[in-house]
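Every chain is numbered from 1, with letters handed out A, B, ... down the list of sequences.
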2 protein chains.
Amino acid sequence: MKLNTKSRYAVMALADMSKFSRKKPISLRDISLRQSISLLYLEQIFLKLKKNNLVKSTRGTNGGYVLIKDPNEIKLSEIFLALDEKVKTLGCNKESKKGCNGKFTKCITHNLWDELESHINTFFENKKLSDLIKINQNRI
Amino acid sequence: MKLNTKSRYAVMALADMSKFSRKKPISLRDISLRQSISLLYLEQIFLKLKKNNLVKSTRGTNGGYVLIKDPNEIKLSEIFLALDEKVKTLGCNKESKKGCNGKFTKCITHNLWDELESHINTFFENKKLSDLIKINQNRI
DNA sequence: TATATACCCGACTAAAATAGTCAAGTATTG
DNA sequence: CAATACTTGACTATTTTAGTCGGGTATATA
Ligand code: FES
Ligand code: FES
């Protein structure tokens, strides 16, 4: 079980924004330098964040991105959702009638994985962007 | 975030064993048929389970594997450990002094991912093989 | 003791996912 | 008009996953 870089960078970048400016647009170049994340990769990530109304953009000189909501109103689950990033512990398709074994009964471990999925999602649901600024006063 | 098949199959197979026999060796062929898991893949998985003392084997006709411990004494975390399967949410190497950014300070999200990792590991730590038999009386 | 069963082990591979890069833009400011 | 900075889609190298393959060895039973 591994968390991908896209999700990690997204949270990292948004945390960076929360910490620095809430009014003046922040350029991806600055975030890229501060957090050591590839600029081109950040661009890709921010397009998704924008499409999902987590940030808004200003073009041109002194342009950049600004958070739309307050950090204490942004749940991590929203960020993951914006990136199409899902927790997937089940072997079967949740929607499908068929189990991971191809049969029409769900397998012996189905409930377990479902429980695990909820367990993880709960974490993302209860964590807000503001939470990780508080704990990290001392970090950039 | 995705759970791999190896871990899923391992738990599935051990659950199958818990449910069927506790004394007579169960052949991988039987598990393979019941749970629709590739026999060759199961062999690979069981070699690891054996090396980590979760099961013991008997060769030859009527041979197979037997659980070493009682299902209510086998934690899921042990199974995952046996397969070298780790939850990895951090961008950095936990041991290394360097952060995921290559710098000597841990990044702004480090604590968060660490917390998430613990959150997930707690789940595996608290679940036992016997737990998923109870909930699944009706399933094969 | 031959034969079938079933575990043992390392190496290999096709396919998918990841972690980006690249090219070619458009909009805004100074 | 030059520089900055967002926009977009396509492309690619690398890694990981999810297995397979080939050739064993040990044991029970006929
Ligand atoms: S995980 Fe859903 S049927 Fe196996
Ligand atoms: S995750 Fe550990 S430093 Fe970023």
Gap between atoms CG and P, on Asn4(A) and dG20(C) respectively (whole Å)
10 Å
What is the distance from NZ of Lys48(B) to P of dA18(D), rounded to the nearest Å?
13 Å
Please determine whether a side-chain nitrogen or oxygen atom of Lys50(A) lies at a distance below 4.0 Å from atom OP1 or OP2 of dC6(D).
no
Going by an N to O cut-off under 4.0 Å, is there a salt bridge joining Glu125(B) and Lys75(B)?
yes
Tyr41(B) has a side chain; which of dA19(C), dC8(C), dG19(D) sits nearest to it?
dG19(D)
Decide salt bridge (charged side-chain N to carboxylate O under 4.0 Å, His left out) for Lys86(B) and Glu117(B); before the verdict, give the C-alpha distance in whole Å, the side-chain angles of both, and the deciding distance to 0.1 Å.
CA-CA 10 Å; Lys86(B) 289 182 193 69; Glu117(B) 201 166 297; over 6 Å; no
Should the side chain of Gln44(A) and the base of dT21(C) be counted as holding a donor-acceptor pair, with the cut-off at 3.5 Å?
yes
Lys6(B) or Arg59(A): which one's nearest nucleotide on DNA chain D is closer to the 5' end?
Arg59(A)
Between dC8(C), dA5(D), dT16(D), which one does the side chain of Lys2(A) approach most closely?
dT16(D)
Separation of dG9(D) atom C1' from Leu40(A) atom CG, nearest Å, is 13 Å
How close or far is atom C1' of dT8(D) from atom CG of Leu42(A), stated in whole angstroms?
16 Å
At under 4.0 Å, does any side-chain N or O of Tyr9(B) touch on OP1 or OP2 of dA18(D)?
no
Establish, from distance only, whether the side-chain atoms of Asn101(B) and Gln35(A) form a donor-acceptor pair under 3.5 Å.
no
Assign Tyr65(B) to base, sugar-phosphate, or nothing according to its heavy-atom contacts below 4.0 angstrom with the strands shown.
sugar-phosphate
Would you say Ser38(A) reaches dT21(C)'s phosphate, i.e. side-chain N/O to OP1/OP2 under 4.0 Å?
yes
Nearest whole Å is fine: how far is dA17(C) P from Leu83(A) CG?
17 Å
Spacing between Lys56(B) atom NZ and dC8(C) atom P, to the nearest angstrom
13 Å
5'-most contact on DNA chain C: Leu28(B) or Lys51(B), nearest heavy atom basis?
Leu28(B)
Please determine if a side-chain N or O atom of Thr58(A) lies less than 4.0 Å away from the OP1 or OP2 oxygen of dA27(C).
no
May I have the distance from Asn62(B) (atom CG) to dA26(D) (atom P), rounded to whole angstrom?
19 Å
Regarding Asn121(B) and Ser118(B), is there a side-chain donor-to-acceptor distance under 3.5 Å anywhere?
no
Judged by each residue's nearest nucleotide on DNA chain D, which is more toward the 5′ side, Ile26(A) or Leu39(B)?
Ile26(A)
Below the 4.0 Å mark, does dT27(D) have OP1 or OP2 next to a side-chain nitrogen or oxygen of Thr61(B)?
no
Identified side-chain contact (heavy atoms from CB on, under 4.5 Å) counterpart of Ile74(B) within the set Val11(B), Ile68(B), Leu129(B):
Leu129(B)
Without decimals, in angstroms, what is the distance between Asp84(B) CG and dT16(D) P?
14 Å
